[in-house]
Amino acid sequence: RKEGFPHFMLKEIHEQPRVINDTIAGFGRDYEMGAEMLHSGDTIFVTAAGTSYHASMYFALLTAKLTGRKVIPFISSEYESYIHSASSGDVLLAVSQSGETIDTLMALRAFKALGCKVVSLTNVIGSVISRESDQAVYMKAGPEIGVAATKTFTTQLTALTWLALLIAQRGGRLDAEGIKSTRERIKALPDLVEEVIMKYEGWAKGMSRLIAAKSSAYYLSRGLGLPIALEGALKLKEVAYVHAEGYPAGESKHGPIALVERGFPVVFVSVEKSLEKKLLGNIEEMKARGAFTIGIIPQGSELGARLDEKVVIPSRDEVLLPILEIIPLQLLAYYTAVEKGVDPDKPRNLAKTVTVE
Ligand code: M6R
């Protein structure tokens, strides 16, 4: 039931504070055992499709940054290429909200056949991917009806952040005190997510009028913000049918910038302070070509002054920012679909769960 919301997608966006809270409350023994298994592997491979791949990419970037470990993310339908460089001492993390995506299941089976241990992160207890893994870990997003993943993405990010921190603890990069204080910081997420929704739903509605009139948009970022940019672009194209590309900001001048002309919308996502200066350079390059620049930026960011539109996230905590920064982009995609009069719950040509290779 939609409980008074016009669409499931909007209801599920609004459910995020609660389900993130449930996911945090569920950080238990399955997470400890999953982290132990991942820590014990030589190389950590991470695989998924679509939105879950963006969450996996985030996990890989964060874990490598926190632990110095080799973490290789790959799109599950490409597993045949990645299996060549894997060996039995490696470990695979398979991420799938449904736990039924065939590409991810095939990747899992190929790694198992090689003798690798497999950890899974799913939202469905007893799903085939959770059953076939050596250690199943769960987020607690509840059923997601909208075809577009929203609450399953932010709960995946929450769960994967915790797994990354537990791996860092095992690698001696974080002591018990560090883990405890980070868990406290993570507990602030539900209230912050609520605040972002309250503050920026109206903004998204207004901005959707401008975006709905465009045929194309770029979403650019660097570092830990890149998976969020990729996900923001995926949301816009799948529900609002506006062509959108997520790209590493530095790479944008190696081709994509050719399309930019007056009024072309470019969304910048900023997470890491250490990368802001370079991101500013990319904003200037886009502005010089007449782009309309929108920034999703942390509190206190210096980028604000150079953007045409800014969404200031009420936090500077780099562990929390990616989870908070996708929220306005989900809302923007949703309201752009509504503005165009298309049904965001049932995008054409898409199935909630993809069971053919
Ligand atoms: O159930 P999964 O997480 O394995 O699904 C993978 C993708 O099909 C899925 O994330 C898809 O990209 C989203 N529904 C798009 O919003």
Side-chain angles (χ1 to χ4, degrees), residues 7-13 15-16 19 23 45-59 73-79 92-109 111 118-133 136-160 219 227-246 326-327 329-334 336-337 342-357:
H7 298 100
F8 283 108
M9 185 177 175
L10 189 62
K11 172 178 175 259
E12 287 160 0
I13 289 173
E15 274 172 5
Q16 291 179 109
V19 295
T23 297
F45 286 88
V46 201
T47 197
T51 293
S52 295
Y53 174 69
H54 298 151
S56 303
M57 184 186 187
Y58 177 70
F59 170 82
F74 68 93
I75 288 174
S76 51
S77 57
E78 288 293 313
Y79 75 88
L92 178 76
L93 172 59
V95 179
S96 168
Q97 79 81 20
S98 63
E100 305 288 342
T101 298
I102 190 74
D103 292 330
T104 309
L105 181 61
M106 296 309 279
L108 177 157
R109 286 181 177 161
F111 275 70
V118 177
V119 178
S120 64
L121 174 67
T122 74
N123 192 38
V124 182
I125 295 177
S127 56
V128 56
I129 288 174
S130 69
R131 278 189 276 117
E132 293 199 18
S133 58
V137 178
Y138 297 98
M139 336 81 89
K140 295 197 163 48
E144 189 174 63
I145 311 294
V147 166
T150 53
K151 61 176 180 167
T152 55
F153 181 60
T154 47
T155 50
Q156 278 172 340
L157 291 179
T158 308
L160 291 168
Y219 286 61
I228 306 307
L230 298 178
E231 175 61 9
L234 177 64
K235 286 287 91 81
L236 187 69
K237 85 179 115 192
E238 71 174 323
V239 302
Y241 312 143
V242 176
H243 168 250
E245 271 188 82
I326 192 60
I327 309 281
L329 299 179
Q330 293 172 340
L331 287 164
L332 181 60
Y334 170 77
T336 306
V342 297
D343 182 354
D345 283 343
K346 292 194 200 73
R348 65 186 174 215
N349 310 335
L350 291 178
K352 182 68 181 162
T353 305
V354 180
T355 52
V356 284
E357 271 190 280

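None of the values given here were measured: they were computed from a predicted structure. Start at 1 and go down the list; that is how both ligands and their atoms are numbered.
In this structure the side chain of Val119 reaches within 4.5 angstrom of the side chain of Val137, judged on heavy atoms.
Regarding atom 7 (C) of ligand 1, its nearest protein heavy-atom neighbour is Ala49 O, 3.7 Å. Shortest contact from atom 8 (O) of ligand 1 to any protein heavy atom: Val354 CG2, 4.3 Å. The nearest heavy-atom contact from the protein to atom 16 (O) of ligand 1 is Glu238 OE2, 2.5 Å. For atom 3 (O) of ligand 1, the nearest protein heavy atom (residue, atom name, distance) is Ser52 OG, 2.5 Å. Among all non-hydrogen protein atoms, the one lying nearest atom 1 (O) of ligand 1 is Ser98 OG, 2.6 Å. Annotation: atom 11 (C) of ligand 1 to nearest protein heavy atom, Thr51 N, 4.0 Å.
Between Lys352 and ligand 1, no pair of N/O atoms sits closer than 3.5 Å. Checking only distances, Gly99 never comes within under 3.5 Å of ligand 1, N or O to N or O. Looking at Thr101 next to ligand 1, an N or O pair under 3.5 Å apart turns up.
Under 4.0 Å from ligand 1, the heavy atoms of Val147 that appear belong solely to its backbone. Counting heavy atoms closer than 4.0 Å to ligand 1, residue Lys235 contributes side-chain atoms (C-beta onward) but none from N, CA, C or O.
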Next item on the list: Go through the steps to decide whether Leu92 and Thr47 satisfy the test side-chain contact (heavy atoms from CB on, under 4.5 Å), and finish with yes or no.
Entry: CA-CA 7 Å; Leu92 178 76; Thr47 197; 3.9 Å; yes
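Below 30°, between 30° and 60°, or above 60°: for Phe45 and Phe74 the angle between ring planes is above 60°, a perpendicular geometry.
Checking side-chain atoms of Ser127 against main-chain N and O of Val124 turns up a donor-acceptor pair under 3.5 Å.
The residues Lys151 and Glu144 are annotated as not salt-bridged, no charged nitrogen and carboxylate oxygen being separated by less than 4.0 angstrom.
Residue-ligand proximity, Ala148 to ligand 1, at heavy-atom distances under 4.0 Å covers atoms 16 (O).
With a 6.0 Å radius and a threshold of 12 heavy atoms from other residues, nucleotides or ligands, Lys346 has its NZ atom at or below the threshold.
With values rounded to the nearest 0.5 angstrom, Ile228 atom CD1 is found 10.0 Å from Met57 atom CE. With rounding to the nearest 0.5 angstrom, the OG1 atom of Thr122 is 8.5 Å from the CD atom of Gln97.
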